[in-house]
Amino acid sequence: MPVLVAAVINTGYQYLSAFDKSLEGWREGFIEFFGADPLNAGVYDILVAGLIHVLPVFAMAAVTAGFCERIFSAYRQRPIDPGIIYTALLFTLLMPPGTGVIPVVFGMTFAMVFAHGVFGGEGKSFLNPALVAVAVVQITFPAALTDHSVWTSLNGYAGTRDFAVFHEQGVDLDIWQTFLGNRQGLMGTTSILAILLGFAFMLYARIISWRVPAGMLAGLVVMTLICNMIGGGILDMPWYSHVMLGSFAFAAVFIATDPSSSSATNPGRWAQGILAGVLLVFMRVVNPSHPDSVVPVLLLVSMTAPLIDHIVIWFNIRRRYIRRRHHG
Amino acid sequence: MQLRLQNWSDADVGSNPDMSKVDTKTSTRATLLGSDYRGLKFQILADEGTRVSAGQPVICDRRFPQVLIASPVSGVVAKVQRGNRRSLVALQIDADDEQRSIDFDIPQQLNPQNARQLMQQAGLWPALRSRPFGNVPETDAEPKALLISAMDTQPLAPDPARIIAEYSDLFAAGLTLLCSLVEAPIYLCKSAQSKIDIDKSPRLQVAEFDGAHPAGLVGRHIHTLCPVAFDGKQVWHIGYQDVISLGHLMTNRSPWQQRVVSLAGSAVKNPRLVRVPLGASIADITSSELKEGQTQIYSGSMISGVRVDHRFGSLGRFHHQLTAVSADGFGAESNTPAAALIAIPELDKLAPPGILAVPLLRALLVGDVERALELGALELVEEDLALLSYSCPTRNDYAALLRKMLEQIEREGLSIRKS
């Protein structure tokens, strides 16, 4: 999948968030081995430090996904589907830096079996396997995700730090830094710039529909404006912060647009996007224990896709019927 | 009237044909293909070995014997190839050196009755096709509208305006005949960029369409001008070269038995327009025209054309182009097809107007006739879905699935449930 290009850019920015922490453990051994200096970091040091966080997770995810797919393809007598690499990549990018082996293998295995294999593989599942894997990891290993020294976690909050800070202090963020990706967060989701590049590329390659992200943005803005009118605490968070923070942008571009788990009609794509945007803000502001909320919202919205399509089809049939009566 | 449709960039299949002049090529054999005359029950009037003149009927319809199909050349019926259940696959006529042809009486004053009769006698009635189903219209049917298609957006297609300009008198005479044929509104569908000179007539409305393929498909024009209601009402359409043929009949008392087609594609040495006999054999048209190497030949375009054998194939009745591409280049099936129909947005972009692409394709794939009917299968024929088959990663032949379903609908007389 050509999205890899965008992902590489994305991870490039991710190195920044990894380098200035206290270093101990096997990753640090590698960093020393490659001669990178963690205290006086240059481009090379950042690259090494970043790769040492991204590559092991991706490798584990890819190997696990490949193993599961191998079993299913042998059983079904179908060729192995290269799309699983993309699934593993998305999963990796939605993991926090420093995720352990067990969460990765467990989450990936669960998703490859129950959100991919049992439905017949690529294009036949109704949920995005990468998203299912992330959800499973978040539910099963909530502590493992925030355990690493890279995270400066605040007590009482899960997920990305920016939200927690906003909840506590109400500080606003540095828009430009966030846009470039210099912040803490899930590995692939921090840099809005890189995500936009990936978006442009996928639109150019005609893989995804722009309607889902556009609908999500519209839903998010409208819902945030409503919240701003009510006001108070997190409700005051402006819409651009909602876009910039957490994994909204990444999910809107790479996850929600997955053609097999989203609506198959253009009006449906709009409806689904708007629904996702509205739900996302709603969940973010009323539920502080889920500051990001992207994963549960998208899972929920994916499940509504067949229903939305059903309604769109019903309108299409009805319009044809009315036309028939008028012209008849 | 103008309407802008989504642009579609076609892949590199060779350079456009040179349209500055038209070369004439001859063919020793003319073939009438059964698949070009949908909805007819064939009865052979001239068995193998019969000597026929150009314009002499060789096939008629069993139920409506007035519907005739005439031989395009003077020669001898060489072969009648039958298919399943007495259907006709092909009827081949070997041309001889004589130029025998039949002259028809042209009525002084045209009215709907004698115009119909004239078209039927001369074997030009099957030039008309009706929607839904794309059949030859029944002899006593009345359309809701008649569309004259003078726009062709298929890749490497000839420019209709260029050919009409060469035969402008005949085209005008053909239009006169059509204007007296039906009482329904008549639309001349042309590209907004092209110029076609015709006499202003209150009966004839000019509709202009804009954009790249599939903007030129007659299904799109019907959808815009007069959506078919599908409760027994039909829309008829006829191609511009058949109008020229009608004009030839009016002025020279015999139909025009030739077609101007573009001979193009990456395997063609000198892509250009050629004038060939109706139903000419592929071997005669392409002799000394193709580059060395394996070639794939399509009667029609890469997208909606029919793959034909370069030795035994022939040009289809309604095809205005012959595409020859290198078999090792474009169209080579290298990747394995995708396992499942994935709702890529491209499909919605290329779908016929008002049609939900993915739900319809799913209904076609699982053979759900009722759902396909509800989603507008009757508004379509094969060529409307050709582009979807062409760009869908699964490489399903949706056009064939649609035809199978349309046949079932026709056979069982299904109609849309009132919902």
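In what follows, chains carry the letters A, B, and so on, assigned in the order in which the sequence lines appear, proteins first and then strands, with residues in each chain numbered from 1.
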Heavy-atom contacts under 4.5 Å, residues 354-361 of chain B to chain A: B/G354, B/I355, B/L356, B/V358, B/P359
Interface residue of largest heavy-atom contact number with chain B, from A/T257, A/T265, A/D309, under 4.5 Å: A/T265
Separation of B/K349 NZ from A/S209 OG (nearest 0.5 Å): 10.0 Å
Minimum side-chain heavy-atom gap B/D348-A/R269 below 4.5 Å: yes
Nearest atoms (heavy-atom pairs only) where B/A343 meets A/A264: CB-CB, 3.7 Å
Heavy-atom side-chain contact between A/I313 and B/E374 under 4.5 Å: no
Between CG on residue B/L341 and OG on residue A/S260, distance to nearest 0.5 Å: 11.0 Å
A/F67, CZ: over 12 other non-hydrogen atoms inside 6.0 angstrom: no
Exceeds 12 heavy-atom contacts within 6.0 angstrom, atom CZ of A/R76: yes
With sequence neighbours excluded, residues passing side-chain contact (heavy atoms from CB on, under 4.5 Å) with B/N135: B/R38, B/S130, B/F133, B/E410
Part of A/R319 within contact of chain B (heavy atom distance under 4.5 Å): side chain
